[in-house]
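Read the numbers this way: they start at 1 and go in the same order the structure lists the ligands and their atoms. Everything numeric here is computed off the predicted structure, so don't read it as measured data.
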Amino acid sequence: MKEALLNRFYFFVGLIFLGLARVKFALKGYNQSSFSTLKMQNIVDYDFRVVDKWIKQLQLYTDGQDSDLIKGKSVLELGPGGDLGIGLYLLSKSVKEYTAIDTYNLIENTPSQFYELLFSKLADRSKSDIEFLKSELNKTLTGGSDKLNYIVSKDFDIIKAVAPKKINLIFSQAAFEHFDDINETIKGMSTVADQGAYFVAVVDLQTHSRWIRKKDPNNIYRYPNWLYGLFSFRGSPNRIRPYQYIDALQKNGWKNIKVYSDQSLSEELFNSTTKYLNKQFVHDRNEMNYLSIWLCATKA
Ligand SMILES: C[S@@+](CC[C@H](N)C(=O)[O-])C[C@H]1O[C@@H](n2cnc3c(N)ncnc32)[C@H](O)[C@@H]1O
């Protein structure tokens, strides 16, 4: 009884959070981070950490067989967020070129102090050619591009943005769960992926609203499509589950597809909430224990 009441409570509280997110989007558009000094330091560290973790995951996925996983490779990032730190860090690690595509231009207000901090931290970390990185950034921010490419595409048309270039590595961090149509996105990235290309993505499957994310991580899965759809906006979590990613990757010529858990629901929360989710998410194939996953695959 207590369990049923609590689940009912989260059903209604979750609706309030969905409503608040919808209103925030209507007022402010897709979220832009503010750049206080402390925040800038955190974002630089975050960018370094994301790339380091992608490389580590790639090493794990390839069993360490490929020694030069990123050097000389053409990299594509899907949904890079508010700055070009990841691209610059990858260039410092000798990738051949980096291209990022986003539907929202989130980098236009990034302050120059952010990049100054990034360059000073990069200089401390490695023997990077900072002048080269600065000139690449400058070209990109002034509308040109060379080895650091940032493309804003309203309809997120990957083929138009990237072809005829061929890509060796496709990365994405906490972005796939925001895409409108993951089948179209995977079709597009598959067209530009070279044979043997690797795909490594972290997908955050949980509720994104802050307070409720901790208390009831699978809250967004409580609602039928019609009700969830009332609060949806471009970029709100799409509720796509791991088996659907696997299916889309298989259909588009990817092999050795692996799903690794990045964060899981405790057994206690899984048992006390899953049967109260909307019926389409109750079946075992949804693997509702996964809160965040790594997807890895190789282009056949
Ligand atoms: C949560 S942010 C993640 C950004 C960055 N990768 C990070 O880890 O901080 C999601 C990214 O997906 C992009 N995005 C949101 N909705 C999208 C959509 N419908 N189609 C394509 N990209 C979208 C955003 O502009 C943003 O770059």
Novice: What protein heavy atom lies closest to atom 8 (O) of ligand 1? Include the residue and the distance to one decimal.
Specialist: Tyr46 OH, 2.5 Å
Novice: Does Lys96 NZ have over 12 foreign heavy atoms under 6.0 Å away?
Specialist: no
Novice: Within a distance under 4.0 Å of any heavy atom of Phe179, pick out the atoms of ligand 1 and give their elements.
Specialist: 20 (N), 21 (C), 22 (N), 23 (C)
Novice: Less than 4.0 Å between a side-chain N and a carboxylate O, is that true for Arg125 and Asp52?
Specialist: yes
Novice: Using the test salt bridge (charged side-chain N to carboxylate O under 4.0 Å, His left out), find all partners of Asp45 that sit at least two apart in sequence or belong to another chain.
Specialist: Lys121
Novice: Look at atom 12 (O) of ligand 1 and say which protein heavy atom is nearest, naming residue and atom and giving the distance to 0.1 Å.
Specialist: Ala175 CB, 3.8 Å
Novice: Does the ring centre of Phe176 sit less than 6.0 Å away from the ring centre of Phe199?
Specialist: yes
Novice: Looking at Asp216 and Ile212, would you say the former's side chain and the latter's main chain have a donor-acceptor pair under 3.5 Å?
Specialist: no
Novice: Relative to the heavy atoms of Asp180, which atoms of ligand 1 are at a distance of less than 4.0 Å?
Specialist: 19 (N)
Novice: Under 4.0 Å, heavy atoms only, figure out whether ligand 1 is touched by the backbone of Leu106, its side chain, both or neither.
Specialist: side chain
Novice: Taking only heavy atoms of Gly235, which atoms of ligand 1 are found under 4.0 Å from at least one of them?
Specialist: 16 (N)
Novice: Can Arg239 be said to sit on top of Tyr228's aromatic six-ring, NZ or CZ under 6.0 Å from centre and within 45° of the ring axis?
Specialist: yes
Novice: Salt bridge check, Asp194 against Lys299: does any charged N sit closer than 4.0 Å to a carboxylate O?
Specialist: no
Novice: Taking only heavy atoms of His178, which atoms of ligand 1 are found under 4.0 Å from at least one of them?
Specialist: 1 (C), 10 (C), 15 (C), 16 (N), 17 (C), 18 (C), 19 (N)
Novice: What protein heavy atom is closest to atom 23 (C) of ligand 1, reported as residue, atom name and distance in Å?
Specialist: Thr103 CG2, 3.5 Å
Novice: Which of the listed options, Gly81, Ser236, Ala174, holds the heavy atom that is closest to atom 3 (C) of ligand 1?
Specialist: Ala174
Novice: Number the atoms of ligand 1 from 1 as they appear, then name those within less than 4.0 Å of a heavy atom of Gln173, with their elements.
Specialist: 3 (C), 5 (C), 6 (N), 7 (C), 8 (O)
Novice: Which atoms of ligand 1 are found less than 4.0 Å from any heavy atom of Arg234?
Specialist: 19 (N)
Novice: Have a look at Val202, Asp102, Asn238, Val152 and point out the one with the heavy atom closest to atom 13 (C) of ligand 1.
Specialist: Asp102
Novice: With a 6.0 Å cut-off on ring centres, are Tyr98 and Tyr150 close enough?
Specialist: no
Novice: Considering only non-hydrogen protein atoms, determine which one is nearest to atom 5 (C) of ligand 1 and report residue, atom name and distance to 0.1 Å.
Specialist: Pro80 O, 3.4 Å
Novice: Taking side chain as C-beta onward, heavy atoms only, is Lys165 less than 4.5 Å from Val192?
Specialist: no
